[in-house]
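Taking it in order: structure first as structure tokens, then the write-up.
Residue numbering restarts at 1 for every chain, and letters A, B, ... go by the order of the sequence lines.
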Amino acid sequence: MSDKVQSPVSDLTGAPLPTERTLRYRRNLAVQSWKFALFNARILRMVLRGRH
Amino acid sequence: MSDVVILGAGVAGHTAALHLSRLLGREHRITVVSPNSHWNWIPSNIWVGVGKMSKQDVVFPLAPIYARRHIRFIQAKAVAIRPYGDAESDRPAVDIVHTSPPEDGREERIRYDFLVNATGPNLRFGATEGLGPQHGTTVSVCTADHAVEAAGRLRGVIERCRAGEHQTLVVGMGHGTCTCEGAAFEYVFNVDNELREAGVRDLARVVYLTNESRLGDFGVGGMVFNEGGYQTTSELWTESLFRERGVEPILGAHVERVEPGTVHFETLDGTHHALDFDFAMLLPPFGGVPLAAFDRDGTEITQQLFAPSGFMKVDADYSGKPYEQWSASDWPQTYQAQGFDNIWAVGIAFAPPHQISRPLTSANGTVITPSPPRTGMPSGVMGKTVALTIADRIRRGPRAEAHRASMADMGAACVASAGANLRTGSAAAMTMMPIVPDYTRFPTGRSLDDTRGELGLAGHWVKLLLHYMFIYKAKARPGWFLIPE
Ligand SMILES: Cc1cc2nc3c(=O)[nH]c(=O)nc-3n(C[C@H](O)[C@H](O)[C@H](O)COP(=O)(O)OP(=O)(O)OC[C@H]3O[C@@H](n4cnc5c(N)ncnc54)[C@H](O)[C@@H]3O)c2cc1C
């Protein structure tokens with residue numbers, strides 16, 4: 001590794017971290033069931049809207 | 001009777017074959033030529049690659065399904081196309097080489113009236129010295145067998161962590177022109193999850209090494225999301241996830257070579273680096289599957305049909321114009337090969353007109369830009385679209401209008417699961433519409449209603465649903481055609 005520059009890892013300290021509440025939402029069964037339905041509806045809408 | 005020959009039984013070819021078997025009567029012959037006896041739901045190879053699924057969960061034999069659908073299946077690889085026929089006949093033909101005993105190695109020439117090239121990617125591990133499971137020291141998840149090997153090696157790393165050793169795991173792209181960043185992104189978070197479940201995350205350094213110049217590019221130039229009334233980017237969204245999980249990104253990297261335990265790479269600023277690893281899953285660049293083409297008198301015309309990358313040239317704009325002039329209309333709509341009204345290339349096999357991400361080169365002139373992804377959803381749609389065109393041409397005559405499905409008009413979903421537990425799993429789930437941004441229709445290139453990123457358990461359920469749904473569909477079980485591509 002000696003003749004090479006140290007690995008240039010990106011600095012992510014400016015990236016937003018989720019709050020405790022957001023993390024809880026990401027696992028909450030009721031919230032996620034709703035998101036699941038929405039996601040599937042969106043995929044279906046894309047399939048139907050796509051001009052093919 | 002018409003002879004339809006489909007080369008490849010992956011997402012695009014298999015979809016085309018099933019739809020043709022539904023659309024055409026038995027008087028026409030549908031033939032699928034593919035070197036593997038099994039179908040593989042490739043997106044779930046990620047779970048095989050961390051040991052959460054077995055190979056049997058993601059593959060199944062094709063022959064019984066094709067027998068049921070009255071499709072002729074030849075286990076062979078295509079090696080040459082003769083679109084004008086040969087000295088014997090003016091009927092076009094494909095040269096194939098059988099790949100299963102007892103016929104293994106036998107060459108045959110089969111005739112076609114309509115040909116679909118759905119041969120997918122040639123996994124070009126050889127483009128980077130020391131890359132890949134066969135001749136190198138890195139693993140891959142591109143095939144189910146590769147993924148099984150990756151899972152074994154990962155288990156070894158986890159065991160060593162359990163014994164108190166620090167380990168470095170590198171996941172990403174093995175060349176500056178790779179595509180399929182979504183797969184590496186998904187794998188890195190599954191690896192992170194495995195390490196957490198094993199209680200050894202603190203002993204592992206996880207690095208994501210990518211040719212993307214920014215996180216969240218995914219080979220589609222990144223996305224703009226509408227989040228809480230503000231426009232935000234896939235870059236910020238992805239950075240947040242990497243920070244939360246402690247995965248270290250190295251961006252704009254072209255892997256130059258891999259030595260046992262060390263990956264050497266160049267970054268966009270022109271500097272060269274070396275990174276030591278204990279485990280590395282690096283995807284290869286994709287090229288077209290090597291297929292030659294010949295005139296009737298045997299003169300080679302490969303360049304007429306194929307781009308230098310080996311992908312087949314279709315109804316796209318290959319003029320090589322500069323980035324500033326790129327537009328959504330450069331992308332193919334019918335997938336019909338240039339100069340032939342009876343040949344199509346679908347899925348990964350067609351030559352894209354250009355990248356979607358802004359093309360970049362390093363200070364030394366090395367190209368470090370993701371190639372455009374052609375993921376499962378568009379590959380399936382293309383397969384179905386071409387099946388509809390062929391069925392119309394057979395039923396209504398050669399002048400029947402071709403069906404259209406441009407990647408600038410269709411959406412894609414990329415669901416990167418991270419953990420496979422129904423209660424504790426998670427996923428980064430993205431939808432984009434259209435895949436190729438169209439700035440004439442949307443100020444941000446894509447619809448803000450349909451282009452979204454979500455993190456959470458729901459995405460994991462979606463990924464599981466897609467796994468079972470697409471395997472059900474690929475097995476042509478009752479009502480399979482009602483499941484969208
Ligand atoms: C690890 C991984 C994860 C992925 N995850 C996702 C995801 O989550 N979502 C998503 O949408 N997409 C995903 N993709 C991309 C998706 O797998 C591809 O878009 C899709 O498989 C492309 O379909 P295809 O038919 O063009 O190629 P393939 O599915 O690769 O099929 C190609 C077929 O051609 C056959 N073939 C090869 N050579 C020849 C020859 N000479 N003659 C005849 N046949 C030949 C092959 O055996 C195969 O049957 C992932 C890809 C990878 C590698």
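Other residues, nucleotides and ligands contribute over 12 non-hydrogen atoms within 6.0 Å of the CZ atom of F442(B). Annotation: K473(B), atom NZ; neighbour count of heavy atoms from other residues, nucleotides and ligands within 6.0 Å is above 12.
Of the listed residues G459(B), A253(B), P484(B), A429(B), the one with more heavy-atom pairs under 4.5 angstrom with chain A than any other is A429(B). When each of K384(B), R452(B), E248(B), R423(B) is scored by its heavy-atom pairs under 4.5 Å with chain A, the top score falls to R452(B). The greatest number of non-hydrogen atom pairs below 4.5 Å with chain B, out of G14(A), A37(A), A15(A), is found for A15(A).
Under the 4.0 Å criterion applied to side-chain N and carboxylate O atoms, E454(B) and R42(A) are assigned as salt-bridge partners. For E244(B) and R26(A), the salt-bridge test passes: some basic side-chain N is under 4.0 Å from an acidic carboxylate O. Salt-bridge annotation for D450(B) and R446(B): absent, with no side-chain N of the basic residue lying under 4.0 Å from a carboxylate O of the acidic one. Looking at R205(B) and D276(B), no side-chain N of the basic residue comes within less than 4.0 Å of a carboxylate O on the acidic one, giving no salt bridge. R214(B) and D217(B) are not joined by a salt bridge, as no carboxylate oxygen comes within less than 4.0 angstrom of a charged side-chain nitrogen.
Heavy-atom distances place no part of D269(B) under 4.5 Å from chain A, backbone and side chain included. Only the backbone of M430(B) comes within less than 4.5 Å of a heavy atom of chain A; no side-chain atom from C-beta onward does. Proximity to chain A (any heavy atom under 4.5 Å) is restricted, for A412(B), to the backbone atoms N, CA, C and O. Using a 4.5 Å cut-off between heavy atoms, L241(B) makes no contact with chain A at all. In this structure, chain A has a heavy atom under 4.5 Å from the backbone of M432(B), while its side chain stays farther away. For a residue to count as touching a neighbouring chain, one of its non-hydrogen atoms must lie under 4.5 Å from one of that chain's; by this rule L29(A) touches chain B with backbone and side chain alike. Contact of L465(B) with chain A is made through the side chain alone, with heavy-atom distances under 4.5 Å. Of the two parts of S33(A), the backbone and the side chain both hold a non-hydrogen atom closer than 4.5 Å to a non-hydrogen atom of chain B. Heavy atoms of V207(B) lying under 4.5 Å from chain A are absent altogether. Of the atoms belonging to V247(B), it is backbone heavy atoms, and not side-chain ones, that fall under 4.5 Å from chain A.
Counting all heavy atoms, side chain and backbone alike, A387(B) lies closest to H19(B) at CB-CB, 3.8 Å.
Under the ring pair (Phe, Tyr, Trp, His ring centres under 6.0 Å) criterion, F189(B) pairs with F185(B), F242(B), not counting sequence neighbours.
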